[in-house]
J.: 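The structure that follows is given in the form of structure tokens.
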Amino acid sequence: MEATGAGAAAALIPFREFVVKVHSRCDLACDHCYIYEHADQSWRHRPAVIPEAAVERFAERLAEHARAHALPSVTVILLGGEPLLAGPARLRRLCEALTRALDGVAVLDLRVHTNGLRLNEAVLALFADYGVGVGVSLDGDRAANDRHRRYANGRSSHSRVLDAVRLLGEDRHRPLYQGLLCTIDVRNDPAAVLDALLALAPPRIDFLLPHATWEAPPPRPDGRPDTYARWLLRLFDHWDGLGRPVPVRLFDSLLSTLRGGPSLTESLGLTPTDLVVVETDGSLEQADSLKTAHEGAAATGFDVFRHAFDEVAAHPGIRARQLGLAGVSAACRACPVVRSCGGGLYAHRYRAANGFDNPSVYCTDLKMLVEGVEQRTARAAVASEATDPAALAVAQQELTRVLLVRLHTELEARGDADWQRAWELVTAVEAAAPDALAAVLDHPYTRTWLLAALDAVRQGRPPGAEPAHRLSVLAAAAVVRGRLELPAPVVLGGGGLYLPTLGLLRADPGRAEIRATAEGLSVQGEGGGVRTFGPGGESADWQPVRVLAGGAGPDAPPVPLALEDLDPDRGCFALPSTPRLDPAGAERWERRLAEAWDLLHGTVPSLARETAAGLTTLTPLMDAGAPKEEARRGPGALGVPLGADVRDTALALLTGRRRARLRELTEVADLYASDGEWLHPSPWREEPVPVSRLLADAHEAVAAEAFRRAAGGLGDAGGIERALDRLEGAAELTVSGKAVLAALRREFGSEI
């Protein structure tokens, strides 16, 4: 896969997470600690406790940064060494300084991470005063914890930490309890570790791989490159078998990215870092984990006394961890799981020969872990819309209603009285005739109008009376369809008034009321005159939406299938729509469509049924004209060239419906993420394309291939095979996207 490299020019990303080293010493001597036991030993030359001057200046810099970037909230994590060694008085002054500085600027999310040895009632009372969330390090049961987390004299810390966590878990302190952090040791039994942690009822558990690099690899007692993956997958199976009783950030992050969501941890995924560290001397550094790489790896040369946080954010080391895909090695960019693993934790990529331009030292583990979690969860994680047409139809109906509610929220907030009156009418119609309103809302071009109206409102363009007028017209159409005894006020223009799903009405311009009648509808103008129109009869003043019978075969599209050449929003196809067809032209086109349906049913019957399913509306298109960008529309509409012969019309029905169905699916389900980060060679285009384009082209090509072969033409099986192979290795596809691809592969195999 080829990366675009666009991330290299990204704008400065403000910091949102600030780690403050409150105390640089610790009362434990954990042999896996990256601060004291790994390459960077800068702690030896720094003050044991952060001085008051550094705290005050940090608080000022923090408020300045939050204000400059209009940050709604910032997270400050108190860390060490062991932060509680600073003592309650100093911790209180620090909390006071930060709270005072952020007051009226941003919400302060204040946290502390501790080994728990000094966590007591007095400290918890202090944390309660400032809402400080507490996380505690614990590696499992006593045997697991005591492998590493001991006092300097070798004595166990386990019982004291357990007492502290139990105190933290009491009802009066539980709001402060943020979770447990466990560093993995593969010699421990993963199920026993999890059970021991769960016994403490944590709100969350974080499992961390032990910090390591290519220069100092992690211990692998069995000598296998997948040791940690196998341990974590056993842990996942136990966690999953228990019903996932608490969130586990590592697993939740994988489950999120596999579905197309963001990473939830710095150690996985491609989410840019937004973290900076304040050392006890006021120095500003990169992520603390870099201390495992080499001396000075985390240093920036900046400090809170002389430098603003924006200066630090522009540091090359910080920027390198904000480049997303462009910031990982070439091997990682070509890997199909990189969107989930993200190349691993930045520090774990270090090699003396070329710095951090490498896969993680846990590369094999991470790939196996991602694939293992995907295999275990794919069936349940696939969006139902990707496999169930009925679920897709329901989701699309819901989407239209969500868009309408969003538009209502925007306009209601502006105090639009005309809109409010129209909304009240819609509410009344829904209560009296919900099916009638649903038929109008589900008209495909209602969606087109809604999206355009939302764009206009959100871009600050004056909405005027148009949204309220269009909503009134929708209500009027539903009133007529439901034969309701409700007057629907509308405004008639010189070009007439289109009632969605019904037809085009021409009457004297001005305000009017539309009512349902036994014959169809009546229009009462401002002068008091009333005119009545039947729904089916065509005249100079009433042009109804025509209904097509479809093909003659037993699986022809169900009636009614609308010939929509009236709706003002139908011009959302790659070719311009035709004006209203005259009766002879409509009849000729209907015959050609019927022959095209019969051809489809005679050559590719299963695809013909798929094409007809859910199709409600056909719009005739001009055969020439400058293409324009295709706007979104609701499900069920298809544009078909007016002058195409029977074979080309059949192909247009088949491929157009395929395109529309995939588009409808992508609107309600995540089939891919990071679209455009990679570019892929396409058998059908000169330039490489993003995964969305390649998938859409392949999806259409498989159906076209089946039709051409069944109709005696030449196919392009080789091109389709290459495209499907390319998609198989695409890191952008989610589990739902892979399910769509697997179905496409099966379909292609059965047709060839």
Side-chain angles (χ1 to χ4, degrees), residues 400-401 403-430 432-433 436-482 484 486-516 520-527 529-531 533 541-545 564 566-572 631-634:
T400 297
R401 286 147 183 78
L403 293 171
L404 181 58
V405 170
R406 287 179 184 170
L407 183 58
H408 172 62
T409 302
E410 295 276 356
L411 294 176
E412 185 182 40
R414 300 179 182 215
D416 189 320
D418 289 337
W419 174 270
Q420 189 59 40
R421 284 191 290 272
W423 184 261
E424 290 169 359
L425 177 59
V426 166
T427 303
V429 172
E430 183 174 35
L437 181 64
V440 177
L441 292 179
D442 293 339
H443 178 54
Y445 304 129
T446 296
R447 175 85 62 82
T448 306
W449 162 68
L450 273 172
L451 290 167
L454 275 169
D455 287 344
V457 169
R458 290 173 176 173
Q459 291 168 11
R461 301 201 299 269
E466 198 273 341
H469 165 67
R470 291 297 296 272
L471 187 63
S472 297
V473 172
L474 291 175
V479 163
V480 174
R481 293 185 65 94
L484 300 178
L486 285 174
V490 296
V491 178
L492 288 159
L497 182 73
Y498 175 75
L499 296 171
T501 75
L502 297 176
L504 180 67
L505 172 69
R506 288 190 173 87
D508 293 336
R511 295 186 178 275
E513 283 188 351
I514 291 179
R515 295 175 183 267
L521 63 98
S522 68
V523 181
Q524 180 176 346
E526 290 179 300
V530 178
R531 300 178 62 189
F533 300 89
D541 295 329
W542 174 249
Q543 293 179 319
V545 173
E564 184 56 89
L566 291 171
D567 194 305
D569 290 311
R570 70 189 187 278
C572 56
R632 287 195 297 169
R633 57 193 180 277

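Residue numbers count from 1 along this sequence.
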J.: With sequence neighbours excluded, tell me which residues meet side chain to side chain contact (heavy atoms under 4.5 Å, CB included) with Val523.
T.: Leu492, Leu505, Ala512, Ile514, Leu521, Phe533
J.: In the structure I gave you, are the side-chain heavy atoms of Leu425 and Pro489 within less than 4.5 Å of one another anywhere?
T.: yes
J.: Contact between Leu484 and Val429 at the side-chain level, heavy atoms closer than 4.5 Å - yes or no?
T.: yes
J.: If every non-hydrogen atom of Glu430 is compared with every non-hydrogen atom of Leu437, which pair is closest and at what distance?
T.: CB-CD2, 3.5 Å
J.: Between Ala476 and Val490, which heavy-atom pair has the shortest distance, and what is it?
T.: CB-CG1, 4.0 Å
J.: Looking only at non-hydrogen atoms, find the nearest pair between Arg633 and Cys572 and report the distance.
T.: CD-SG, 3.8 Å
J.: Can you tell which of Val545, Thr501, Leu502 makes a side-chain contact (heavy atoms from CB on, under 4.5 Å) with His443?
T.: Thr501
J.: What is the distance from atom CG of Leu454 to atom CG of Leu407, rounded to the nearest 0.5 Å?
T.: 5.0 Å
J.: Kindly give the heavy-atom pair with the smallest separation between Glu410 and Arg414, and that separation in Å.
T.: O-CG, 3.3 Å
J.: Can you check whether Gln420 reaches His408 side chain to side chain, under 4.5 Å on heavy atoms?
T.: yes
J.: Enter the distance from Leu403:CG to Trp449:CH2 here, rounded to the nearest 0.5 Å.
T.: 10.5 Å
J.: Passes side chain to side chain contact (heavy atoms under 4.5 Å, CB included), Tyr498 versus Asp567? Steps please.
T.: CA-CA 7 Å; Tyr498 175 75; Asp567 194 305; 3.1 Å; yes
J.: Step by step, would you call Thr400 with Arg447 a side-chain hydrogen bond (donor to acceptor under 3.5 Å, both in side chains)?
T.: CA-CA 6 Å; Thr400 297; Arg447 175 85 62 82; 3.0 Å; yes
J.: Should Glu466 and Arg470 count as an ion pair when the cut-off is N to O under 4.0 Å?
T.: yes
J.: May I ask you to test the Tyr445-Pro500 pair for a side-chain heavy-atom distance under 4.5 Å?
T.: no
J.: List the atom of Gly496, the atom of Arg506, and the distance in Å for their closest heavy-atom pair.
T.: CA-CG, 4.2 Å
J.: Taking the side chain as everything from C-beta on, heavy atoms only, tell me whether Asp418 gets closer than 4.5 Å to Arg421.
T.: yes
J.: Donor-acceptor pair, distance only, cut-off 3.5 Å: does the side chain of Thr448 make one with the backbone of Arg570?
T.: no
J.: Counting only heavy atoms from other residues, nucleotides and ligands, does the tally under 6.0 Å from CZ of Arg458 exceed 12?
T.: yes
J.: Closer than 4.0 angstrom, basic N to acidic O: yes or no for Arg401 and Asp442?
T.: yes
J.: State, yes or no, whether a side-chain contact exists between Trp423 and Leu471 at a heavy-atom distance under 4.5 Å.
T.: yes
J.: Around atom CD of Gln543, are there more than 12 heavy atoms of other residues, nucleotides or ligands at under 6.0 Å?
T.: yes
J.: What's the shortest heavy-atom distance between Ala439 and Arg481, and which atoms?
T.: CB-NE, 3.5 Å
J.: Can you confirm whether Arg515 sits close enough to Val530 that some side-chain heavy atom of one is under 4.5 Å from a side-chain heavy atom of the other?
T.: no
J.: Starting at CG of Leu450, measure out to CG of Asp569 and round the result to the nearest 0.5 Å.
T.: 9.5 Å
